[in-house]
Amino acid sequence: MKVIIRRPRREVQMPGSRRVRDLLQELQINPETVLVVRGEDLLTPDEVVKDEETVEVVPAISGGSTDEV
Amino acid sequence: MKCRICTEKAVIETRRHNTAFCKECFLTHVERQVQKTIESEKMLSKEDRVLVAVSGGKDSLTLWEVLHRLGYQTTGFHIVLGIGDYSPAAREKVEAYAEKQGFPLIVTDLNEEYDFTVPELALNTPRVPCSACGLSKRYLMNRTALGGGFSVLATGHNLDDVASTLFGNLFHWHTEQLARMEPSRQATHPKLVKTCKPLIRLTERETLAYTLLRGIDYHEEECPNAEGATSLLYKDLLNQLEHASPGVKQSFYFGFLKKGRSAFAADVNGADLRECEVCGQATTTEVCAFCRMMDQAHRTASRRNS
Ligand code: SF4
Ligand SMILES: [Zn+2]
Ligand SMILES: [Zn+2]
């Protein structure tokens, strides 16, 4: 499967299919800080991503000063 | 995974509530959480004219969308900061969203109005970019709300923002800031406008999910000055704790509001507010911090150019 990670944007190929939970763990990404998206759909941790599919890991955390608006 | 409310297929799991939601139930959940915050903290009424600070990011657009859906009278306010490619792209997203929704929007360009962008302020004053930027935002938001007859200013701070700010303030024992960490601040002077943070019950991951599920086209890029910010480190640490112990961010912040904040009340600097001699905005000094920064920037820039 292809995993697109943003900020910095990079692509990771992972052989085989696996659950969202496991793919985040392998990539050492804290699930509290991202959403995993396939096309338009948000995926829950138990969802299986198949080998031929592409998913995107969208970062939720934004930074800046504490007065950020 | 199934929605715990209607048993449709879930699109998001929220471990801190030990639940999962389908799209429709999640959108309703978010809007109810905001309504609950507004009511419990007495933030807004339907009669208020609300100025919503919009950067173009997911949090501020979520705030605007939800407040509108809940029936509040909103106008967006965007500040053009003049930061590289980041600012024009942010402005574009805000304007496109406002136009699509038919929402009123006020845009102020710092450079057009005051001759300096945020990077130029950092160059011509001792302030770092985020400090010059934060001061300018606070000043312009209050001034615009006052001038436009708005009764409340709403900002899109989420649970991660306020919990990481609390973490930083505790870490450094900034007791006065700790005392001032209220989710809604009443105007204490005729030249100050009430402010509120209606998204404090939502994590950043939840505001992101709301934005994506509503199909809101938000500005995803980060400001280049955010890189390496300590607030990001604190957020990261808090999210590691959250992963190990769901709900910890919420209990940290809301527990502080309930049990901790009042302990620092005596540390609030009670200095009398008066009107700035230059611009008339509320300040504790003769000339307000914003006017002093601008004056310094002008003087340094003209020295450089002579
Ligand atoms: S990161 Fe700093 S400079 Fe950039 S928008 Fe936020 S406060 Fe302003
Ligand atoms: Zn449901
Ligand atoms: Zn002033």
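Just so it is clear: chains get the letters A, B, ... in the order the sequence lines come, proteins before strands, and each one is counted from 1.
Between A/P31 and B/R15 the shortest side-chain heavy-atom distance does not fall below 4.5 Å. Residues A/T44 and B/V11 form no side-chain contact, since every pair of their non-hydrogen atoms from C-beta on lies 4.5 Å or further apart. Counting heavy atoms from C-beta on, the side chains of A/S62 and B/D59 come closer than 4.5 Å. B/I12 has its side chain within reach of A/L35: a pair of non-hydrogen atoms, C-beta onward, lies under 4.5 Å apart.
Residue contact with chain A, scored on non-hydrogen atoms closer than 4.5 Å, involves the side chain of B/Y218 exclusively. Using a 4.5 Å cut-off between heavy atoms, B/L212 contacts chain A through its side chain alone, with no backbone atom that close. Only the side chain of B/L213 comes within contact range of chain A, with heavy atoms under 4.5 Å apart. Residue contact with chain B, scored on non-hydrogen atoms closer than 4.5 Å, involves the backbone of A/V34 exclusively. Neither the backbone nor the side chain of A/D41 comes within contact range of chain B, judged by heavy atoms closer than 4.5 Å. Looking at B/E221, neither its backbone nor its side chain comes within 4.5 Å of chain A, counting heavy atoms on both sides.
Listed for the A/N30 side chain is no donor-acceptor partner under 3.5 Å among the backbone atoms of B/D236.
Crowding of A/R19 atom CZ: a count of heavy atoms from other residues, nucleotides or ligands under 6.0 Å not exceeding 12. B/E182 CD: more than 12 foreign heavy atoms inside a 6.0 Å radius. Around the CD atom of A/E26, the shell of radius 6.0 Å holds more than 12 heavy atoms that belong to other residues, nucleotides or ligands. Around atom CD of A/E52, more than 12 heavy atoms belonging to other residues, nucleotides or ligands sit under 6.0 Å away.
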- prompt: Does the pair B/K9 and A/E47 meet the rule for a salt bridge (charged side-chain N to carboxylate O under 4.0 Å, His left out), with working shown?
  reply: CA-CA 11 Å; B/K9 186 172 165 344; A/E47 196 96 30; 2.9 Å; yes

- prompt: Under the side chain to side chain contact (heavy atoms under 4.5 Å, CB included) criterion, do A/I61 and B/L232 qualify, and how do the steps go?
  reply: CA-CA 8 Å; A/I61 305 306; B/L232 282 176; 3.8 Å; yes

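Distance check, rounded to the nearest 0.5 Å: OG1 of A/T33 to CG of B/D160 gives 9.5 Å. Here the straight-line distance linking atom CG of A/L43 with atom CE of B/M1 works out to 11.5 Å at 0.5 Å rounding. Taking NE2 of B/H243 as the start and CG of A/L24 as the end, the distance is 9.0 Å to the nearest 0.5 Å. Atom CG in A/L42 sits 13.0 Å away from atom CD in B/E13 (nearest 0.5 Å).
A/A60 and B/R205 make their closest contact through CB-CA, 3.7 Å (heavy atoms, listed as atom of the first residue, atom of the second, distance).
Between B/K249 and A/E32, no side-chain nitrogen of the basic residue sits less than 4.0 Å from a carboxylate oxygen of the acidic one, so the salt-bridge criterion is not met.
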